[in-house]
Enquirer: 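My questions all concern the structure below.
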Amino acid sequence: MSVRVRYAPSPTGMQHIGGIRTALFNYFFARSQKGSFILRVEDTDQERSSNEALQDLYETLDWLGIDCDEGPLVGGAYGPYTQSERIELYKEYAQKLIEDNKAYRCYCTPERLDELRAKQVAEKSKQHGYDRHCRHLTDEERQKLEAQGLTSVIRLKVPLEGKTTFHDLLMGDITRRNSDVNPDPVLLKSDGFPTYHLANVIDDHLMNISHIMRAQEWIPSGPLHILLYEAFGWEPPLYCHLPMVMGKDGQKLSKRHGATAVRDFRAKGYLPEALLNYVSMVGWSYDSEREFFSKADLCELFSLEKINKAPGVFDYKKLDWYNGMYIRQKTDEELTALLLPFLVEAGFVRQPLRADDSHKIAALIPLVKERLKVLSDVVEMSRFLFTEIEAPTVESLLPKKQDAATTLAALKKALVLLSQLDSVEDAKIEEQLVAIATELDCKVNGVFMPIRVAVTGSHVSPPLFDSIRLLGLETTLTRLKRAITILEDEVA
RNA sequence: GUCUCCAUCGUCUAGUGGUUAGGACAUCGGGUUUUCAUCCCGACAACGGGGGUUCAAUUCCCCCUGGAGAUGCCA
């Protein structure tokens, strides 16, 4: 049997971690089995579907490098791949179900259903869900309602007795009493659009899908879908319910846990290979040692057997670690290209680059490479190079356990020293600055730190001499003088 | 409430009917270093509880507990 799997998101929001994890597992499974990966857009919710979400879907898959064998953009033999373009199909199949006495029209208003639900909750009723009111309508009653021009939906006749079992590749057999399955779920909505259950089952069948890999939150509707396949007289595909991705509190990952939209990770400067690698490790592992996998590796090595059953917590810190590792693997040229948009956006440089900016950036890259967790970190890390910095405070200029007078002396000596230089390229700078510490009988850091703060505005910066070289002698001296003035005021 | 699923360090996980239960992230120490980071070394840290089965259970079975998900004219 040839493997055909699909990722079938509904474009009702930005693509998020949970979604792409499902997409990735489907994609890797397809590739590892030499099967097909299909994208199907389930835009059956008229109110919530949006074009923005659809564009985000395409951009995200593209960014991650997930290529579809069939889908709305690339076409294929089983199209169309957008459900809103297939509604006539669903109507026909729903109608057929009515003719076969597997489904029925329901004229209940949303208001009545709301009341029903409220009542059930208030009375703590054992019964839940639809009361199957219209299932028992006589033909006369039905004709009467039709004559009134009432809108209707089509509901599935879920068997009242018996049980339904489906097999999950990971979980094994899952059985539910039919009396516990949603009582007669809506298949076709009053707006003529199908619900997820109907469209999903029809399309998976028609598109010849072999394996359904989706998140575990769908397990409860498994039996319902089996019932639908049975109603149509179709053979259901194989199921594999994937463990869910949770937030730190153990609940389904959502916005309140922080960024979950892929585009947000992208904007912050996460690399696609890092996100792809990390997300793939939540719920799947290869062995006890290996943790770095490229997309190509996963396309080759992925296997269903290695999927974990238990849900996994999404660890932002571990993602950061992966991202840092991948950043450090970049060549300077690659990293420059990656970082440039962030520098432009921060207003530090303008494109096309001037020659001096170009040189500056080229020299900057090696300095920040080992310090970046996300690409956007480069902005704060290099701000002192591109913009005027705030005047340092006295406290920030003083190293621990060093008084203002000593610090001032150190800065003054440093200023003299640097002023005498012809070029910041002079290799003797370091040696001579260390000598100042000896002269003043203080720690090396007692000299370096005030200079660092004066020049970069921060206790944390790229290496001092490299920073000075990048900044240029003139600006360095100006900033040193300013710091000296500040300290002089303090001492006086 | 009901139904279903799940259960190894804080987190992601490896693993086995007999192991000093392994790795990674995080955390904490130490080393390298002008700061930070990188890099290196080290430490801390887990089989939820109770019954079985067995010579032997973290591993197999049952119960409990805990967690999650589903209970929509959303997917």
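In the text below, chain A, chain B and the rest are named by the order of the sequence lines, each starting its count at 1.
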Enquirer: Both distances below 3.5 Å, Watson-Crick or wobble geometry, any strand: find the nucleotide opposite B:A75.
Expert: none
Enquirer: Contact list please: residues 152-163 of chain A against RNA chain B, heavy atoms, distance less than 4.0 Å, in numerical order.
Expert: A:Val153, A:Arg155
Enquirer: Could you list by number each residue of residues 46-55 of chain A showing a heavy-atom separation from RNA chain B of less than 4.0 Å, or answer none if no residue does?
Expert: A:Arg48
Enquirer: Reckon A:Lys252 has a side-chain N or O less than 4.0 Å from the OP1 or OP2 of B:G69?
Expert: no
Enquirer: Once each nucleotide of nucleotides 8-21 of chain B is scored for protein heavy atoms under 4.0 Å, what B/S/- sequence comes out, 5' to 3'?
Expert: ---SBSSS------
Enquirer: What nucleotide among B:C36, B:U34, B:U38 has an atom nearest to a side-chain atom of A:Arg328?
Expert: B:U38
Enquirer: Tell me whether the side-chain N/O atoms of A:Lys317 come closer than 4.0 Å to OP1 or OP2 in B:A24.
Expert: no
Enquirer: Test of understanding: with ring-ring contact (aromatic ring centres under 6.0 Å, His included), list the residues that count as partners of A:His211, not counting sequence neighbours.
Expert: A:Phe29
Enquirer: What distance, rounded to whole Å, do you find between the two C1' atoms, one in B:A46 and one in B:U19?
Expert: 15 Å
Enquirer: Taking only residues two or more places apart in sequence, or in another chain, which ones meet A:Thr407 in a side-chain hydrogen bond (donor to acceptor under 3.5 Å, both in side chains)?
Expert: A:Gln402
Enquirer: What nucleotide, of B:U2, B:A68, B:A26, holds the atom closest to the side chain of A:Gln251?
Expert: B:A68
Enquirer: Can you list every pair that meets salt bridge (Lys or Arg N to Asp or Glu O under 4.0 Å) and has a residue in residues 432-454 of chain A, with sequence neighbours left out?
Expert: A:Lys413-A:Glu439
